[in-house]
Amino acid sequence: MKILGAELRRIAMPLVSPFRTSFGTQTTRDLLLLRIETTGGDGWGECATMTSPVYSSEYTAAAADVLRRHLLPALFTRPEVTPWTVAPALASFKGHRMAKSAVEMAVLDAWLRARSLSFAGWLGATSDRVPAGVSVGIMDSVPELLDAVDGYLEEGYRRIKLKIQPGWDVEPVRAVRERFGADVPLQVDANTAYTLADAPHLARLDEFGLLLIEQPLDEEDMRAHALLAEQLRTPVCLDESVVSARSAADAIALGACAVVNIKPGRVGGYLEARRIHDVSAAHGVPVWCGGMLETGLGRAANVALAALPGFTLPGDVSASDRYYRTDITEPFVLRDGHLDVPDSAGLGVTPVPELLADVTVSTEWITP
């Protein structure tokens, strides 16, 4: 399979409500899609970057630039491209894992479609549906938070994740536990908002029986996470710190985490995500699939990944209407707290042309 050309498409997806984390508030999701034309057919990829480099060093405009200038030209020179040749072809370019993930995803989609294979089946999925969790942003008040959580539980979500930051942590968690009881699976996500000096304060969360506390400290400070884990009963989960199977193995060996959040974009693609799954499973460490407010394209791939056997905790694979009134694909719908795993060839979904056109900001065609 040879790549004949590629389309970069910027889209802007209005959110149903503002989504606030410790690093900012989003009202619109600015996304970069990649469509490749190959001798075997088309394939779609989605780049998980944000508009600004606040979650990681990557951001959407830079991803488009590195794809245009470096990554796609490197693939154009290859006489044959397969899912296994993408990473080696791009290895000389440092970083830019989210951009590389978009390339790998598009190649996988095209390659699998040409062979009438599903993304989930090829990855090794063992389930035809996955339990869905939901991420709840920082709110202006506790009553507003309680109303939001109540709504998500009514919809059937199997796990609640609360975004936290200094000044918005113990009290909102306490309020949710008191209102909805100890049986609701509950976890928190700090997005690196704390330091090791906050350990005594974070230990106050232990009384609430949380599934985990996600990425409390700086992503580069693995040792501090190991020291924090010794001071908490709540399991520590790493997100931003885990960028490869190697870093996952290091974190587990150091005792820096007891749970791993796998985001394919963050780690450079679905092949590396599967390696992290395998490494974690070999050490008895549970994993779950994180989300980056993906469209139906990225959501389809994430749901397929989350159907692997090591994903024993509900992930952030929410229904389409959690974030968007209208998705660009047929929407993912919550049924009995689960999302169905696509079983058609490739990703199992494609953009609906008129829906995609409605949110398109710009397109660019790149050829060898």
Side-chain angles (χ1 to χ4, degrees), residues 1-3 5-11 30-38 42-51 53 55-78 80-112 119 122-123 219 239-248 261-279 289-295 297-302 304-305 346-347 364 366 368:
M1 188 176 79
K2 183 174 176 58
I3 297 180
E7 178 190 73
L8 295 179
R9 182 182 291 259
R10 292 283 292 269
I11 65 173
D30 175 30
L31 282 159
L32 178 66
L33 303 182
L34 170 66
R35 180 177 65 86
I36 59 170
E37 286 189 3
T38 80
D42 290 3
W44 285 91
E46 180 170 329
C47 187
T49 48
M50 300 177 66
T51 307
Y55 169 78
S56 74
S57 61
E58 295 184 73
Y59 62 100
T60 305
D65 187 67
V66 77
L67 282 162
R68 180 189 307 114
R69 293 174 182 265
H70 302 290
L71 305 187
L72 290 171
L75 285 188
F76 289 154
T77 64
R78 296 282 171 139
E80 182 180 10
V81 176
T82 72
W84 297 275
T85 63
V86 174
L90 307 181
S92 62
F93 306 110
K94 303 300 183 183
H96 298 284
R97 289 182 173 88
M98 292 185 182
K100 291 176 179 178
S101 177
V103 174
E104 184 199 82
M105 179 178 167
V107 169
L108 271 168
D109 189 30
W111 190 85
L112 291 168
F119 204 84
W122 183 82
L123 280 174
E219 63 264 31
D239 173 359
E240 289 94 327
S241 294
V242 176
V243 295
S244 64
R246 180 182 298 173
S247 61
N261 169 1
I262 301 179
K263 289 179 180 172
R266 190 190 69 234
V267 305
Y270 288 84
L271 293 181
E272 191 67 14
R274 187 169 63 181
R275 293 185 192 102
I276 295 172
H277 163 275
D278 295 346
V279 165
C289 185
M292 292 292 290
L293 283 65
E294 290 89 351
T295 71
L297 293 170
R299 198 169 305 277
N302 285 354
L305 179 70
L347 293 173
E364 178 183 359
I366 301 171

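On a predicted model such as this, the values are computed, not experimentally measured, just so you know.
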Evaluation steps, side chain to side chain contact (heavy atoms under 4.5 Å, CB included), between Y59 and M98: CA-CA 9 Å; Y59 62 100; M98 292 185 182; over 6 Å; no

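- Put simply, the side chain of L297 reaches to within 4.5 Å of the side chain of L33, judged on heavy atoms.
- You'll find the side chain of V103 stays beyond 4.5 Å of the side chain of I36, heavy atoms only.
- Of all heavy-atom pairs spanning P264 and L305, the tightest one is CG-CD2, 3.6 Å.
- Listed by first and then second residue, the salt bridge (charged side-chain N to carboxylate O under 4.0 Å, His left out) pairs involving residues 83-112 are D109-R113 (not counting sequence neighbours).
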Working for side chain to side chain contact (heavy atoms under 4.5 Å, CB included), residues E240 and K263: CA-CA 9 Å; E240 289 94 327; K263 289 179 180 172; 5.9 Å; no

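- Shortest non-hydrogen contact noted between Y55 and M50 is CB-SD, 3.6 Å.
- When the side chain to side chain donor-acceptor pair (under 3.5 Å) test is applied to D30, the partners found at least two apart in sequence or on another chain are R10, T51.
- Of all non-hydrogen atoms in P368 and I3, the two that sit nearest each other are CG-O, 4.3 Å.
- H277 is linked by a ring-ring contact (aromatic ring centres under 6.0 Å, His included) to F311, counting only residues two or more places apart in sequence or in another chain.
- Residue M292 holds its CE atom at 10.5 Å from OG of S101, rounded to the nearest 0.5 Å.
- For A89 against A74, the heavy-atom pair with the smallest separation is O-CB, 4.0 Å.
- A donor-acceptor distance shorter than 3.5 angstrom exists from the side chain of E46 to the backbone of T295, with no hydrogens or angles considered.
- At least one donor-acceptor pair under 3.5 Å links the side chain of S241 to the backbone N or O of E219.
- Applying the salt bridge (charged side-chain N to carboxylate O under 4.0 Å, His left out) test to pairs two or more places apart or on separate chains, those with a residue in residues 57-67 are D65-R68, D65-R69.
- In terms of heavy atoms, L8 sits closest to A64 at CD1-O, 3.8 Å.
- Formation of a donor-acceptor pair under 3.5 Å by the R266 side chain with backbone atoms of N261 is found in this model.
- Going from atom CG of L112 over to atom CG of L347 covers 8.0 Å, rounded to the nearest 0.5 Å.
- Under the 4.5 Å side-chain criterion, counting only non-hydrogen atoms from C-beta, T38 is not in contact with W111.
- For the salt bridge (charged side-chain N to carboxylate O under 4.0 Å, His left out) condition, the pairs that include at least one residue of residues 268-279, sequence neighbours left out, are E272-R275.
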Evaluation steps, side chain to side chain contact (heavy atoms under 4.5 Å, CB included), between L271 and V86: CA-CA 10 Å; L271 293 181; V86 174; over 6 Å; no

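- Looking only at side-chain heavy atoms (C-beta outward), M105 and L34 stay at 4.5 Å or farther from each other.
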Verdict with reasoning, S247 to V242, per side chain to side chain contact (heavy atoms under 4.5 Å, CB included): CA-CA 6 Å; S247 61; V242 176; 4.0 Å; yes

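- Rounded to the nearest 0.5 angstrom, L293 CG and L31 CG are separated by 8.0 Å.
- Shown here for N302 and G290, the closest heavy-atom pair between the two residues is ND2-O, 3.8 Å.
- In this structure F119 satisfies the ring-ring contact (aromatic ring centres under 6.0 Å, His included) test together with Y270, sequence neighbours excluded.
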